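Predicted model, so just to flag it, every value in this text is computed and none were measured.
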Amino acid sequence: MTSRFRLIALIGLALAVSGAAINPGEPIPGVDIYLGKNPGGSPIVVATSDREGRFSARVRVERGEYAVSSACSPRQACPPNRQLTLTVDGRPVRPDARGVYLFPVGASLGTVMLSGRVEIFDRWGRQNQTPR
């Protein structure tokens, strides 16, 4: 057995022993989606992902820049390699270099529709399976 195959076998064994399910593209249910005004706004929970990892929320906002983030509840084992796919009013929002999802709101007061999915990505940040 070559070194490469031993390494793969050891990684697989470690995952099996720890009970961790690492399946890129799989949904992560029960993840809270936070929205906060940037900078300085206190983030609030606006949605929680369902069993398919999907979420949506219509949120009342005022003019400014907003940040969206996700976090698992303290009682939930949440994989560190989770990825958020986000749309705001039907437009995709990508994370910046720090991994922060920012979007501007130009109107003085209104609502925005946040929607997306939380899923597992591989350790390089790429999805191994096609999104559902």
Side-chain angles (χ1 to χ4, degrees):
M1 188 185 284
T2 67
S3 304
R4 182 176 178 182
F5 292 119
R6 280 189 205 135
L7 178 60
I8 291 170
L10 288 174
I11 290 172
L13 179 61
L15 291 175
V17 170
S18 71
I22 306 296
N23 298 312
E26 290 296 313
I28 307 173
V31 176
D32 291 333
I33 308 302
Y34 290 85
L35 176 69
K37 197 159 184 188
N38 187 40
S42 296
I44 59 166
V45 175
V46 294
T48 301
S49 62
D50 64 15
R51 44 186 242 157
E52 295 297 318
R54 299 190 189 285
F55 63 89
S56 65
R58 186 165 294 284
V59 184
R60 194 165 176 84
V61 294
E62 59 186 33
R63 182 185 321 209
E65 184 175 55
Y66 288 83
V68 176
S69 60
S70 65
C72 296
S73 71
R75 295 180 306 246
Q76 179 182 353
C78 194
N81 56 334
R82 67 181 179 273
Q83 179 72 30
L84 178 67
T85 302
L86 175 67
T87 61
V88 177
D89 289 336
R91 293 186 185 109
V93 175
R94 306 272 183 246
D96 66 10
R98 299 169 295 152
V100 178
Y101 295 80
L102 298 171
F103 67 92
V105 173
S108 59
L109 187 63
T111 60
V112 293
M113 182 66 179
L114 304 176
S115 61
R117 188 167 191 258
V118 183
E119 55 198 358
I120 297 174
F121 271 56
D122 70 17
R123 66 183 177 164
W124 294 280
R126 297 180 311 241
Q127 202 170 8
N128 286 341
Q129 299 176 355
T130 54
R132 292 167 216 214

Atom pair [atom1] ([X]) and [atom2] ([Y]), whose distance is rounded to the nearest 0.5 Å:
{"X": "Ile28", "Y": "Ile120", "atom1": "CD1", "atom2": "CD1", "result": "4.5 Å"}
{"X": "Thr87", "Y": "Arg117", "atom1": "OG1", "atom2": "CZ", "result": "13.5 Å"}
{"X": "Tyr34", "Y": "Ser70", "atom1": "OH", "atom2": "OG", "result": "9.5 Å"}
{"X": "Thr85", "Y": "Arg94", "atom1": "OG1", "atom2": "CZ", "result": "8.0 Å"}
{"X": "Leu35", "Y": "Ser42", "atom1": "CG", "atom2": "OG", "result": "11.5 Å"}
{"X": "Glu119", "Y": "Leu84", "atom1": "CD", "atom2": "CG", "result": "9.0 Å"}

**Prompt:** Does Arg54 reach the side chain of Pro27, with side-chain heavy atoms less than 4.5 Å apart?
**Reply:** no

**Asked** Any donor and acceptor pair, going by atom type alone, linking the side chain of Asp32 with main-chain N or O of Thr48 inside 3.5 Å?
**Response** no

**Donor-acceptor pair, side chain of Ser49 and main chain of Val31, under 3.5 angstrom** = yes

**Complete:** For Tyr66, the ring-ring contact (aromatic ring centres under 6.0 Å, His included) test, sequence neighbours excluded, returns Phe103

**Request:** Could you walk me through whether Val93 and Val68 pass the side-chain contact (heavy atoms from CB on, under 4.5 Å) test, one step at a time?
**Result:** CA-CA 10 Å; Val93 175; Val68 176; over 6 Å; no

Which heavy atom of [X] sits nearest to which heavy atom of [Y], and what is that distance?
{"X": "Lys37", "Y": "Glu62", "value": "NZ-OE2, 2.9 Å"}
{"X": "Ala47", "Y": "Ser56", "value": "CB-O, 4.0 Å"}
{"X": "Arg60", "Y": "Thr111", "value": "CA-CG2, 4.0 Å"}
{"X": "Glu52", "Y": "Asp50", "value": "N-OD1, 2.9 Å"}

State yes or no: do [X] and [Y] share one hydrophobic cluster built from I, L, V, M, F, W and Y residues joined by side-chain heavy-atom distances below 4.5 Å, directly or via other members?
{"X": "Tyr101", "Y": "Ile44", "result": "yes"}
{"X": "Val100", "Y": "Val112", "result": "no"}
{"X": "Val61", "Y": "Ile33", "result": "yes"}

